[in-house]
Amino acid sequence: MTLTGEFFARSVHDVAPELVGSTLLVDGVGGRIVEVEAYDHEDPASHGYGGLTSRNRSMFGPPGHAYVYRSYGIHWCLNLVCGEDGVPEAVLVRALEPTHGLDRMRERRGLDEPRLLCAGPGRLCQALGVTGEQDGLPLDEPPFELYPPETGAQIVRGPRVGISRAADLPWRYGEAGSRFLSRALRSA
DNA sequence: CACAGGATATACT
DNA sequence: GTATATCCTGTGA
C-alpha cells in the first residue's frame, strides 16, 4: 500500500507533518523521512510564489508528483507536490534515516557515515540518485515508492532552514530526537 | 568559522 | 544586458 495522489491532494500544512516517519524509496534506495518543510502558494519563500516558470512548472501540476529543482547551481532538491492542481504547494524533503540500499548510497556519496548520507536536501538527492530526470514524475509509480509510517512518529516543528523571507514561520517538521536530521530541531 | 561553486530568477540599468 | 540573491555542501582555515 503506497501513498497516492489522494493523500497529497490536501493542504500542504496537513500533509507535511504526516509525511514524517513515512518511507521513501527511489529505485529501491531510501529510508524513513525524518525532516520536511512546507511551502505554500502564499509563501514568499516558495518557488511558486512568483508565478509559473520553466523551472517550477511541476509545482503547479497535479499533487502526488515530484518537483525536483537545482539549488545553488550544484545540488538537486526533491519536493512532493501537494494541494490542488494549478496551485503551487509542495513539501521539501530535507532528511532521511537511511534504511534501504545503504551500499548504493555510500557509493554515490563517497562516504561511509550513515548519519551524513541523507542529512540535507542536496545530500539526500545525491544518495537516492534523484536529478532533474525525476522532475514531474508521479510518486506512486516506479522508480518511486512511498509508504505510510508503520508506527506514529513524534513530531516537532520549528522555523525553516536557509531562507530569509518568511523565516519566522514554523513550517519545518522533524522526528523528535532523530540523529539523522540535517540540523537539530527543538520544538517551537 | 569563511567561502567557493555556479543555475535560475528577479530587479535593476 | 548586468547585478544580486538564493529552499546548500564540501573544503580548508
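This structure is a prediction, so every number in the text was calculated from the model and none was measured. In what follows, chains carry the letters A, B, and so on, assigned in the order in which the sequence lines appear, proteins first and then strands, with residues in each chain numbered from 1.
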Task: Same apolar cluster (I L V M F W Y, side chains within < 4.5 Å links), A:L80/A:M59 - done: no
Open item on the list: Give the residues of residues 117-133 of chain A touching DNA chain B, defined as any heavy atom closer than 4.0 Å, sorted by residue number.
Closed with: none
Open item on the list: Each nucleotide in nucleotides 6-13 of chain B should get exactly one letter: B, S or -. Can you fill that in based on protein heavy atoms under 4.0 Å?
Closed with: BBSSS---
Open item on the list: For residues 58-72 of chain A, which residue pairs pass the salt bridge (charged side-chain N to carboxylate O under 4.0 Å, His left out) check, not counting sequence neighbours?
Closed with: none
- [ ] If the plane angle is over 60° it's perpendicular, under 30° parallel, otherwise tilted; pick one for A:Y69 and A:H47.
- [x] perpendicular
Open item on the list: Any donor-acceptor pair under 3.5 Å linking the side-chain atoms of A:S11 with those of A:D14?
Closed with: no
Open item on the list: Let me check I have this right: for DNA chain B, each base becomes ., (, ), [, ] or |, based on Watson-Crick or G-U pairs with both distances under 3.5 Å. What is the full string?
Closed with: |||||.||||||.
Open item on the list: Has A:R123 got a side-chain atom pairing as donor or acceptor with A:A95's backbone, closer than 3.5 angstrom?
Closed with: no
Open item on the list: Can you tell me if A:E141 has over 12 outside heavy atoms packed within less than 6.0 Å of its CD?
Closed with: yes
Task: Expected output: side-chain A:E89 to main-chain A:V12 donor-acceptor under 3.5 Å - done: yes
TODO: Could you tell me from which nucleotide to which nucleotide of DNA chain C, 5' to 3', there is an atom under 4.0 Å from chain A heavy atoms?
DONE: C:dT6 to C:dG10
Task: Matching residue for A:P121 among A:E37, A:R94, A:Q126, A:H75 - test: side-chain contact (heavy atoms from CB on, under 4.5 Å) - done: A:R94
Open item on the list: With a sphere of 6.0 Å drawn around CD of A:E113, does it hold more than 12 non-hydrogen atoms of other residues, nucleotides or ligands?
Closed with: yes
Task: Upstream residue (5' side of DNA chain C) when A:L116 and A:L92 are each assigned their closest nucleotide - done: A:L92
Open item on the list: Does this structure show an ion pair linking A:E18 with A:R10, if we count only N-O contacts that are shorter than 4.0 Å?
Closed with: yes
Task: Cation-pi, A:Y67 ring and A:R57 (6.0 angstrom, 45 degrees) - done: no
Task: Close approaches to DNA chain B from residues 95-105 of chain A, in residue order (heavy atom, under 4.0 Å) - done: none
Open item on the list: When you compare the side chain of A:L19 with that of A:F8, does any pair of heavy atoms fall below 4.5 Å?
Closed with: yes
- [ ] Verify whether one side chain among A:S178 and A:E97 offers a donor that lies under 3.5 Å from an acceptor in the other.
- [x] no
TODO: Mind checking A:R109 for me? I need base, sugar-phosphate or nothing, with any heavy atom below 4.0 Å counting as a touch.
DONE: sugar-phosphate
Task: P gap between B:dA4 and C:dT4, integer Å - done: 15 Å
TODO: State whether a side-chain donor-acceptor pair under 3.5 Å links A:D135 with A:S58.
DONE: yes
Task: Lys/Arg-Asp/Glu bridge criterion (N-O < 4.0 Å) met for A:R165, A:D43 - done: no
Task: Between C:dA5 and B:dC3 - P atom distance, rounded Å - done: 15 Å
